[in-house]
Amino acid sequence: MLPRAFYERPTLDVARDLLGKVMVHRTAGGVTAGMIVETEAYIGEDDPACHAAPGPTTRNAPLYGPPGIAYVYLNYGIHYLVNAVTEAEGHPAAVLIRALEPIDGLRLMSTRRAGDGRALSRHELCRGPGNLTKAMGITLSDNRLDLVGSRLVIEDRGVRVDEVSWGPRIGIRVATDRPWRCWITHHSSVSGPHSSRAALQLGKTRRD
DNA sequence: CGTTCGATGCACT
DNA sequence: GTGCATCGAACGT
């Protein structure tokens, strides 16, 4: 399990280093786990796309708390999105988990997403931030859970990531110029249109 | 391949 | 009342 110090760092570093790590959720229905393959950074009140942009509110309170905490919220009235709070207490920032490669509990994931109709392939199961929370069974009741020791944790299982790409964040209408989305290059569980994925690649493991 | 559009609930003005 | 850190079906090219 990743120590709190892992999250208590610059958010872009955490976003990159979370790639290859494994998110695990333990529920009464069973255990699900998946390797993180795509993330986005949301950094501070000066980032117009960050939920902290309006200043402290009831909803975004977890962003202002200690790092290593899960920030979960409902968006579009339909999807739960899960973040890992980063930086330091009083400095609101987080990493949005956008896609996983399923590792454990694939059958349970399929069941949870069964309402979607057609059968889903392995790489579709946790592709997209709303889809992965549904497959993992993550809801508002997971908000504020401690990722350093709770039913929702992130582990290092020794996976080494060779190539990382950076590009603009997806699905926002402001600050689209900041390349704060990162993903494992060429990984088939990464979200977004396949064709534009190549166009967005800014290079190898470095950002700027 | 691409774009458009409806579903749906909550926080915030 | 407005606006989302989305998704997938339905269309057009």
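A note on names: the letters A, B, ... follow the listed sequences, proteins ahead of strands, and every chain is numbered from 1.
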- Message: In this structure, how many angstroms lie between the C1' atom of C:dT6 and the CZ atom of A:R169, rounded?
- Response: 16 Å
- Query: Which nucleotide in the set C:dG8, C:dC4, C:dT6 lies at the smallest distance from any side-chain heavy atom of A:N131?
  - Reply: C:dG8
- Is it true that A:E40 and A:R98 make a salt bridge, defined as a side-chain N closer than 4.0 Å to a carboxylate O? yes
- Over how many whole Å does the gap from A:N60 atom CG to C:dC4 atom P extend? 16 Å
- Query: Looking at A:Y7, is A:R9 sitting on its ring face, NZ or CZ under 6.0 Å from the six-membered ring centre and within 45 degrees of the normal?
  - Reply: no
- Message: Please give the distance between the P atoms of C:dA10 and B:dT8 as a whole number of Å.
- Response: 16 Å
- From the candidates C:dA5, B:dC12, C:dC4, the one with an atom nearest any side-chain atom of A:T58 is B:dC12
- Task: Answer yes or no for A:R144 and A:Y71: cation-pi contact, defined as NZ/CZ to six-membered ring centre under 6.0 Å and angle to ring axis within 45°.
- Result: no
- Paired with A:M35, the side chain to side chain contact (heavy atoms under 4.5 Å, CB included) test is passed by just one of A:M23, A:H187, A:K21, namely A:H187
- Message: Assess whether a salt bridge exists between A:D142 and A:R26, defined as any Lys/Arg side-chain N lying under 4.0 Å from an Asp/Glu carboxylate O.
- Response: no
- Message: If you take any heavy atom closer than 4.0 Å to DNA chain C, which residues from residues 45-56 of chain A end up in contact?
- Response: A:A49, A:H51
- Spacing between A:L140 atom CG and B:dA11 atom C1', to the nearest angstrom: 12 Å
- Looking just at side-chain N and O atoms, do A:S191 and A:E38 make a donor-acceptor pair shorter than 3.5 Å? yes
- Let me have DNA chain B in dot-bracket notation, would you? Count Watson-Crick plus G-U wobble pairs, both distances under 3.5 Å, and use [ ] for pairs crossing earlier ones and | for inter-strand partners. |||||||.||||.
- Item | Value in whole Å for how far the P atom of C:dA5 lies from CD of A:E38 | 16 Å
- Query: Between A:H91 and A:Y64, is any side-chain donor less than 3.5 angstrom from a side-chain acceptor?
  - Reply: no
- Tell me what A:R59 touches on the nucleic acid: a base, only sugar-phosphate, or nothing, going by heavy atoms under 4.0 Å. sugar-phosphate
- How close or far is atom C1' of C:dA5 from atom CZ of A:R98, stated in whole angstroms? 7 Å
- Message: Set out, in order, the CA-CA distance, both residues' side-chain angles and the distance that settles side chain to side chain contact (heavy atoms under 4.5 Å, CB included) for A:R112 and A:T27, then state yes or no.
- Response: CA-CA 13 Å; A:R112 284 171 172 151; A:T27 65; 3.1 Å; yes
- Short side-chain donor-acceptor distance under 3.5 Å, A:S189 and A:H123: yes
- Task: Using whole Å, report how far CZ of A:R178 lies from P of C:dA5.
- Result: 14 Å
- Message: Any carboxylate oxygen within less than 4.0 angstrom of a Lys/Arg side-chain nitrogen, looking at A:R169 and A:D47?
- Response: yes
- So, with a heavy-atom separation below 4.0 Å from DNA chain B, the residues of residues 71-92 of chain A are A:L74, A:Y76, A:G77, A:I78
- Item | A:N60 (side chain) donor-acceptor with A:T57 (main chain) under 3.5 angstrom | yes
- Query: For the pair made of CD1 in A:I43 and C1' in C:dA5, what is the distance, rounded to whole Å?
  - Reply: 14 Å
